[in-house]
Amino acid sequence: MSAAMLDEKFMQIALDLAWMGRFSTSPNPRVGCVITQGEQIVGQGFHVCTGDAHAEVHALRQAGRFAHGATAYVTLEPCSHTGRTGPCAQALIDAGISRVVMAMSDPSPQVQGKGRAMLEEAGIEVCSGLYAQQAREINLGFLSRIERHRPYIRLKVAATLDGKTALSNGASKWITGAAARNEVQTLRAESCAVLTGINTVMADNPQLNVRRFPTIRQPLRIILDSQLQLTADYQVIGDANSPTLIITTVADEEKKAVFASFPHVSVLTIPAHQDGRIDIDQLWPILAERQIGIILVEAGSILNSTLLKAGVVDEIIYYQAPKFLGQTARSAFVLPENTAALKENEWQTIDLAQVGTDCRWQLRHQQSAIWAKG
């Protein structure tokens, strides 16, 4: 096998390893590492969770003395700073690695080329760019908060063939089948946060957590509640197994003190828009600063439409059930007529699949697609 083919083979394995951390690494990036001697893998690993050893350290521990003179394949530039763990670039140097192949540079201010520089100064050959696009796809949430100073926003919708999400009386159990609902549990686990509005909480009293399988980390529940109507009667407050962040315009400390007895609940007040609602444009940089990368939105037509009109939705994950609810049923979106859509597509399909009896249609906004390519 040629050297180029070996590089591709081992980097693909490193990418697969990185993906294994998708449920647990947040807010850190998903990273995989493979260490080889010739055609033989002598060590491999991935970053599991914040505070744990990074991918390179796991791989080096497994490789032991065989790391000397070896090649390391890593999906993201090795870190050069000391945080909860030591710098991975130095660990590779100390182990005697002779060559590092990295998929992409790390744009975070703490690294940003410094890891590569450390390796090269130590006489290690460094190559980069192999499967860079695939490496970006694995870390869109991490990259979005670093590069765009806002989270990567995925909007999940479950609707019928006629675009309805509930009957006129609000009944919606169940639009989609069990297979689609199980997939949504996976989407939650992959996300840093699940976001919804107060209307959805009051109507459905959802838990908004991961229940289908055990997970190291539950996503943060973010509730947009401009007038602070939430009480302990709702599951997002009463369930202490998952953290909850309430976003409100209310500054009254006495009213917010109601939640002081719930250590898993925090309240953040931000300015109101002219219409009295939460100014969501001010919200995204705050969430990015709090290291929230991927947000999964599970909301009703009002919030869905508000986010789409604001142009902040990066992806739509649309589960479509083979049924009709009729003209008077509630729609997934309430949007003004869009004549421009007759001339050009604002969204591009990135995946389409059958999930049980339903279909899953995954779309990415054209501007988000351009950014995602780097």
Restricting to non-hydrogen atoms, name the atom on [X] and the atom on [Y] that form the minimum distance, rounded to 0.1 Å.
X      : Y      : value
Ser331 : Ser301 : O-CB, 3.2 Å
Pro78  : Ala89  : CB-N, 3.9 Å
Leu303 : Thr196 : CD2-C, 3.8 Å
Phe262 : Ile237 : CD2-O, 3.8 Å
Thr36  : Ala70  : O-CB, 3.1 Å
Asp162 : Gly326 : OD2-N, 2.9 Å

Using a 4.5 Å cut-off on heavy atoms from C-beta on, say whether the side chain of [Y] contacts that of [X].
X      : Y      : value
Thr75  : Asn139 : no
Arg99  : Asp7   : yes
Cys33  : Leu17  : no
Leu308 : Glu346 : no
Asn209 : Asn241 : no
Phe213 : Thr186 : yes
Pro87  : Lys114 : no

(request) Look at the aromatic rings of His365 and Trp347 and report parallel, tilted or perpendicular, splitting at 30° and 60°. (result) perpendicular

Determine whether a donor-acceptor pair (N or O, by modelled atom type, separation under 3.5 Å) exists between the side chain of [X] and the backbone of [Y].
X      : Y      : result
Glu8   : Phe10  : no
Arg217 : Thr25  : no
Gln62  : Gln44  : yes
Arg116 : Val126 : yes
Glu147 : Pro107 : no
Asp225 : Leu230 : yes
Arg154 : Leu187 : no
Gln37  : His68  : yes
Arg30  : Ile138 : yes
Glu298 : Lys156 : no

Quick check for you: to the nearest 0.5 Å, what is the distance between [X] atom [atom1] and [Y] atom [atom2]?
X      : Y      : atom1 : atom2 : result
Gln366 : Asn345 : CD    : CG    : 7.0 Å
Ile247 : Leu224 : CD1   : CG    : 6.5 Å
Thr306 : Arg277 : OG1   : CZ    : 5.5 Å
Thr160 : Lys323 : OG1   : NZ    : 8.5 Å
Leu208 : Leu195 : CG    : CG    : 9.5 Å
Thr176 : Tyr319 : OG1   : OH    : 8.5 Å

Are [X] and [Y] connected in the hydrophobic side-chain network, where two residues link if heavy atoms are under 4.5 Å apart?
X      : Y      : answer
Ile246 : Ile270 : no
Val184 : Ile175 : no
Leu287 : Ile223 : no
Ile222 : Val297 : yes
Leu15  : Val31  : no

(message) Test side-chain hydrogen bond (donor to acceptor under 3.5 Å, both in side chains) on Thr248 and Lys255; report intermediate values, then the result.
(response) CA-CA 11 Å; Thr248 185; Lys255 193 169 184 180; over 6 Å; no

Would one find more than 12 heavy atoms of other residues, nucleotides or ligands at under 6.0 Å from atom [atom1] of [X]?
X      : atom1 : value
Leu161 : CG    : yes
Glu289 : CD    : no
Trp19  : CH2   : yes

(request) For side chain to side chain contact (heavy atoms under 4.5 Å, CB included), just list the numbers for Tyr152 and Glu315, CA-CA rounded to whole Å, side-chain angles, deciding distance to a tenth of an Å, and then say yes or no. (result) CA-CA 8 Å; Tyr152 188 85; Glu315 278 187 28; 2.7 Å; yes

(message) Go through it in stages, so that I can follow the logic: the residues are Asp281 and His273, the test is side-chain hydrogen bond (donor to acceptor under 3.5 Å, both in side chains), and I'd like the CA-CA distance, side-chain angles, deciding distance and then a yes or no.
(response) CA-CA 9 Å; Asp281 289 336; His273 198 268; 5.9 Å; no

(request) Test Asp358 against Arg181 for salt bridge (Lys or Arg N to Asp or Glu O under 4.0 Å), laying out the working first. (result) CA-CA 10 Å; Asp358 308 308; Arg181 298 197 299 274; over 6 Å; no

(message) Under the criterion side chain to side chain contact (heavy atoms under 4.5 Å, CB included), I'd like the reasoning laid out for Leu6 against Glu39: C-alpha separation, chi angles, the key distance, then a yes or no.
(response) CA-CA 7 Å; Leu6 284 173; Glu39 298 190 18; 3.7 Å; yes

(request) Output, in order, the C-alpha distance, side-chain angles, deciding distance and verdict of side chain to side chain contact (heavy atoms under 4.5 Å, CB included) for Arg364 and Asp314. (result) CA-CA 6 Å; Arg364 183 171 291 163; Asp314 295 294; 5.6 Å; no

(message) As a quick check of understanding, evaluate side chain to side chain contact (heavy atoms under 4.5 Å, CB included) for Val74 and His54, giving each step before the final call.
(response) CA-CA 11 Å; Val74 61; His54 289 185; over 6 Å; no

(message) Checking side chain to side chain donor-acceptor pair (under 3.5 Å) between Asp239 and each of Arg221, Gln207, Gln218, which is the one that passes?
(response) Arg221

